Structure formats: C-alpha cells, structure tokens
Amino acid sequence: MTNHKITRDTSTRDKATRDRPTQDGATQDRPAAAVPRADRTRARTRTPRPQWLAPAGLILLSLIPILAGAARLTELTGGSTATEHNVRFLDSPMPVVTHIVTHIVSVTVFCLLGAFQFVPALRRRASRWHRIAGVILIPAGLLSALSGLWMVVFYPHPPGDGIALGVIRLFFGSAMAVSLVLGIRAILRRDFVRHGEWMTRAYAIAVAAGTQALLLIPGAILFGAQDEPSRAVLMGAAWVLNLTVAEYLIRSRRRRRR
C-alpha cells in the first residue's frame, strides 16, 4: 500500500515537471520548435530600431550633389568667367535651363523626398502621405533620369569624362528610367511589393551621385582629378555599390515576409 502511494506521488510530480512551461512557453511534451514563433518571442525584450537613421543618412548623402548643383547654379547665374569646366553650360542658354530646372531640381526633389519613403511608420500609418509623395516622386525621378541621359548625349564631355564614363552613365540612367516605369506598372497592377522594390532600385541609382563624390575624393588624390580610367571605374563602382545595398534590402524584406 505504501509503495503504491509513493509510486503514485512520484508519477504526479513527474507529470507536473513535464507540464511546467519553460521560459519560452515550451514543455517537455511540447518542445520549443512546436510553439508558435510569436509566442516564443512575446516575452523577449525587443529593442526598437531607430527608424529615422536610414533616412537621415540618405539625406546627408543626397546633400553632396545638391550642394554641388547649387554651386553650379550660382556660378552660371553670377556672370562667372568661362572655364574648361563650365564652358559647356555657358555656350547656349537652352542647356543651362535644362540642366538647372529639369535635372538639378528634379534630382533634389527625388532624393530628399524619397528618403522619407524609407520610414516604416510613414508607410504604415500615413499611407495617404505615401501616395501623395509617390505622385511627386515618380515624375521627378523620370525627369531626373531623362534629363541626365539627354545631357550625356548632347553636352560636350568635361575634362576627365571619356567615352567609357559616358557609356556607364547611359546604362545606369536607362536602368533608373526602366526601374521607374516598372514601378509604375506594378502600382497600376496593385502589386505593392514589386512597386517598392523597383522604386528602391531607382532611388539607389539616383543617390549614387553622393557615393561617387565620396569615392572620387581619394581617387583624385591617388590618380589625379582628370584621370579618365580611374574616374570611370570609381563612378561605376558607386552605382554598383548602391544597387548592391538596395538588393540586400529587397531580399531582407522578402525573407521577413515569409
């Protein structure tokens, strides 16, 4: 009788031990792998991501070509003396107007306003703002890409820009325009995921001007400011680097959605 009672008490304690939940909500009969991921992570302390860090970095990166464009605007409108660097803009008023109004202004709008599209809170809680910003961004991006292509084809090349760099500019300018068109196509089909991916690629190409400035500074020190091969390689590398980061972000989003 006593042995039977001891056995029964031991069995009860063993069952209680098996059923007692572990720290992540699992038991011996229900391993952690069987517990839903949301239940396992609910008790964990999550550190919120600084959502404004990426947009702030993109704005700072965009300010480099924007300030350069403002300096060029001041140079052209201030009656400056023609030099080998600005003579291509002073020869005819039409290229000047195209460069200032169409390219510099459109790039500024696209880069600065586009940086705020990378704030998750604005996309989720202010979808109306996101749509209105998109209506402004897409035309600005297309004007930026097409005016850049026009300048490559019809402007004389400045010192340091050779045929190779012209071909690279045509390639990435066309890639930006195609990305924007595919982004428009995706949004018309209500494919919001693909729309975001193509717009991310277009934005990465647009802000490469800031990355190029960062790469060209050490390149000019090492090879000279007018060394055509190194200039073409470094500027092309900036576009490739930005697109690599964009593809990494796109694939990271895909993994989180699974």
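Numbers here are sequence positions counted from 1. The model shown is predicted, which means the values in this text are computed figures rather than measured ones.
Linking ILVMFWY residues whenever their side-chain heavy atoms come closer than 4.5 Å, directly or via other members, places L113 and I138 in the same cluster. Clustering ILVMFWY residues whenever any of their side-chain heavy atoms sit less than 4.5 angstrom apart, transitively, puts I205 in a cluster other than the one holding L241.
Across all non-hydrogen atoms, the minimal contact from M176 to A202 is CG-O, 3.9 Å. The two residues A115 and L58 come nearest to each other via the heavy atoms CB-CB, 4.0 Å.
Side chains of L149 and S174 form a contact here, defined as non-hydrogen atoms less than 4.5 Å apart. Inter-residue side-chain proximity for W198 and V181 is flagged as unmet; no heavy-atom pair is nearer than 4.5 Å. The closest side-chain heavy-atom distance from L60 to L63 is below 4.5 Å. I168 places none of its side-chain heavy atoms less than 4.5 Å from the side chain of M235. Residues V153 and L170 are in side-chain contact: their nearest non-hydrogen atoms beyond the backbone lie under 4.5 Å apart. Using a 4.5 Å heavy-atom threshold, the side chains of V109 and L143 count as separate. At least one side-chain heavy atom of I59 sits less than 4.5 Å from a side-chain heavy atom of L112.
Atom SG of C111 and atom CG of L137 lie 9.5 Å apart (nearest 0.5 Å). To the nearest 0.5 Å, the span separating CZ on R231 from CG on L216 amounts to 5.5 Å. Note that OH of Y203 is 15.0 Å distant from OG of S179, once rounded to the nearest 0.5 Å. To the nearest 0.5 Å, atoms CD1 (I136) and CZ (F110) are separated by 12.5 Å.
Judged by distance alone, the side chain of S144 and the main-chain N or O of A140 form no donor-acceptor pair under 3.5 Å.
Looking at residues two or more places apart in sequence or on another chain, you find a side-chain contact (heavy atoms from CB on, under 4.5 Å) between L214 and L61, I64. W239 is linked by a ring pair (Phe, Tyr, Trp, His ring centres under 6.0 Å) to F172, counting only residues two or more places apart in sequence or in another chain.
Between E197 and R253 no salt bridge is recorded (no basic side-chain N to carboxylate O distance below 4.0 Å).
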Validation: residues 186-195 side-chain donor-acceptor distances under 3.5 Å, sequence neighbours left out:
residue : atom : partner : partner atom : Å
D191    : OD1  : R194    : N            : 3.3
H195    : ND1  : G183    : O            : 2.9

